[in-house]
Protein chains: 2
Amino acid sequence: MKNDRLGQMTPRPRYLQLAEDLIGEIRDGRLSVGQTLPGEFELCESYGVSRHTVREALRRLEELGLITRQRGVGTVVTASDSRESYVQKVRSPAQLMQYPPESRLMVISSGEVVADRVTARLLGCTSRTRWYRIRAIRQLRPGGAAIAWSDIYVLPEYADIVAAVGRQSTPIYELLEQRFDERVATVQVDLFAGLITADRAELLGVAAGTPSLSVVRRYTGRNKRVFEVSVSEHPAGRYTYSLELHRGWSSGEGWAAG
Amino acid sequence: MKNDRLGQMTPRPRYLQLAEDLIGEIRDGRLSVGQTLPGEFELCESYGVSRHTVREALRRLEELGLITRQRGVGTVVTASDSRESYVQKVRSPAQLMQYPPESRLMVISSGEVVADRVTARLLGCTSRTRWYRIRAIRQLRPGGAAIAWSDIYVLPEYADIVAAVGRQSTPIYELLEQRFDERVATVQVDLFAGLITADRAELLGVAAGTPSLSVVRRYTGRNKRVFEVSVSEHPAGRYTYSLELHRGWSSGEGWAAG
DNA sequence: AGTGGTCAAATGTACGGACAAATGCTAAGT
DNA sequence: ACTTAGCATTTGTCCGTACATTTGACCACT
């Protein structure tokens, strides 16, 4: 199984291809949980890449929580990722603010709206506030199952940002930071139970009334003005938000993510 | 090897020393938010290390959310640490519990169980593992509406803990730490969508099939052994899990969860 | 004045090599 | 039988080099 499909044709970095290959093997069960992976040098040989590339790929799998590595022992599979559901792991402070990386947004519609009472309550703003709303679905692969319906509200003066959405996997708040000189000061993340309404069910490919995980992220700028709020609905079974906290042992007290 | 600034004596890896150096400079304000860091090659020169080491250090800062890097542009400071204030504010996972202090657990039943395949998957253990399970509901006031159904799994040898549950509002993991000399090393919190099954609906006072927020907390001890897992179901509308993160500027710096 | 091309600078990817440190096993020694 | 020393294996750290890709700025040309 030498896998020559790490060809040159794609512009995709080799370490990413290798990582996806390995993830696929774990998902398919060719590499099962508890099993020890081939050593790094062995992987170099069988995939025809340098050790640097192998280690970069393994680092990725480690960040995803799929493997653990131990010096002198080896690399062991610790979790299997199921194909249709996505687990967002938060293991470092930087990941707390983000949407799932390497997933793509597909814009469905966009336009200016005025917040009614229900929406205002959801967004944490006053009624009749004007927002520019971008409706979109988020999927892991183009054409794959959607893992979320997202309504992204940004200030009306930032409406132009919609042109850049979906083209890259860059988070919206980062685009706003770059293009409009915003600076994220605080992020508030709320998670609660909800359900998929009929108008969204079809695009998500689930039955209306399916339970969902609602995630609201509010991004506040330096002047304490909320400049972006995203409301995401994740159908049951397709998404898990996973937070991992470690007790700092060197500093004694305290907890930290990552 | 020149290596003047980063001493050679310490067994600490150089990239970590460099990372801590840079974190210190950011915290002290010698590198302020918005400022562009010296290029990688420049850092190589001034610290007398290879580019690989520099990049390894920068990667660490990136994971902490302190910097963002962009090809063709450079590395920009996006936050002034950090860990100090973060660990200061999240002194215990009590904040992660997020239950009002006055809420109480009411034990419904308890006994030893053997994990079947579904349960094992949920708890993150192997099949046929033995657990002592405490079923309970959590309510804000005695006789008030329940905000959660909780299945709390502890190691069989800790079964006695059930006597103390519900008498105080102390979290279970804290009771275990006190009575059985456990020490929580890491906590993993998973959140996903679920629904209330018929057998639980009545006690919770909602209709069967009501959407719910499922929260699984896994407490791992020093020896990497999971000694408690709690599975909670929160009916829609009664509970919101909220995280707030601050990105330090001049006041209220650091990251905080709360 | 605008447009487009070129170039330098910066990070990203990828190759190579070498040694260090941790682990588990085996064999020698008591 | 037990302990200890040594060895092979595996991941971690670190160095060097080269080229790719992206970006922004400068400059020549229309």
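Within every chain, numbering begins at 1; the chains are lettered A, B, ... in the order of the sequence lines, protein sequences first and strands thereafter.
Between the side chains of A/Thr53 and A/Glu56, no donor-acceptor pair is found at a separation under 3.5 Å.
Considering only the side chain of A/His52, C/dA14 comes nearest among D/dT13, C/dA14, D/dG16. Candidate nucleotides C/dG16, D/dC14, C/dG12 were compared by shortest atom distance to the side chain of B/Pro13, and D/dC14 ranks first.
Note that OH of B/Tyr132 is 13.5 Å distant from CD of B/Glu228, once rounded to the nearest 0.5 Å. For the atom pair CG (B/Leu122) and CZ (B/Phe192), the distance works out to 5.0 Å, reported to the nearest 0.5 Å.
Dashed line: the shortest gap from a side-chain N or O of A/Arg14 to OP1 or OP2 of C/dC15 is under 4.0 Å. Within the structure, a side-chain polar atom (N or O) of B/Thr53 is placed less than 4.0 Å from OP1 or OP2 of D/dC15. Taking side-chain N and O atoms only, A/Arg55 has a distance below 4.0 Å to OP1 or OP2 of D/dG12. Phosphate contact (OP1/OP2 of D/dT11, side-chain N/O of A/Thr75, threshold under 4.0 Å): present.
A donor-acceptor contact under 3.5 angstrom links the side-chain atoms of A/Arg51 to the base of D/dG12.
The CD atom of B/Gln70 sits 11 Å away from the C1' atom of D/dG24 (whole-angstrom rounding). The CG atom of B/Leu43 sits 17 Å away from the P atom of C/dA9 (whole-angstrom rounding). A straight line from OH of B/Tyr15 to P of C/dA20 spans 17 Å, rounded to a whole angstrom. Distance CD (A/Glu56) to P (C/dT11): 16 Å, rounded to an integer number of Å.
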Salt bridge (Lys or Arg N to Asp or Glu O under 4.0 Å) for B/Glu157 and B/Arg225? Distances and angles first, verdict last.
CA-CA 13 Å; B/Glu157 57 260 44; B/Arg225 185 180 60 162; 3.5 Å; yes
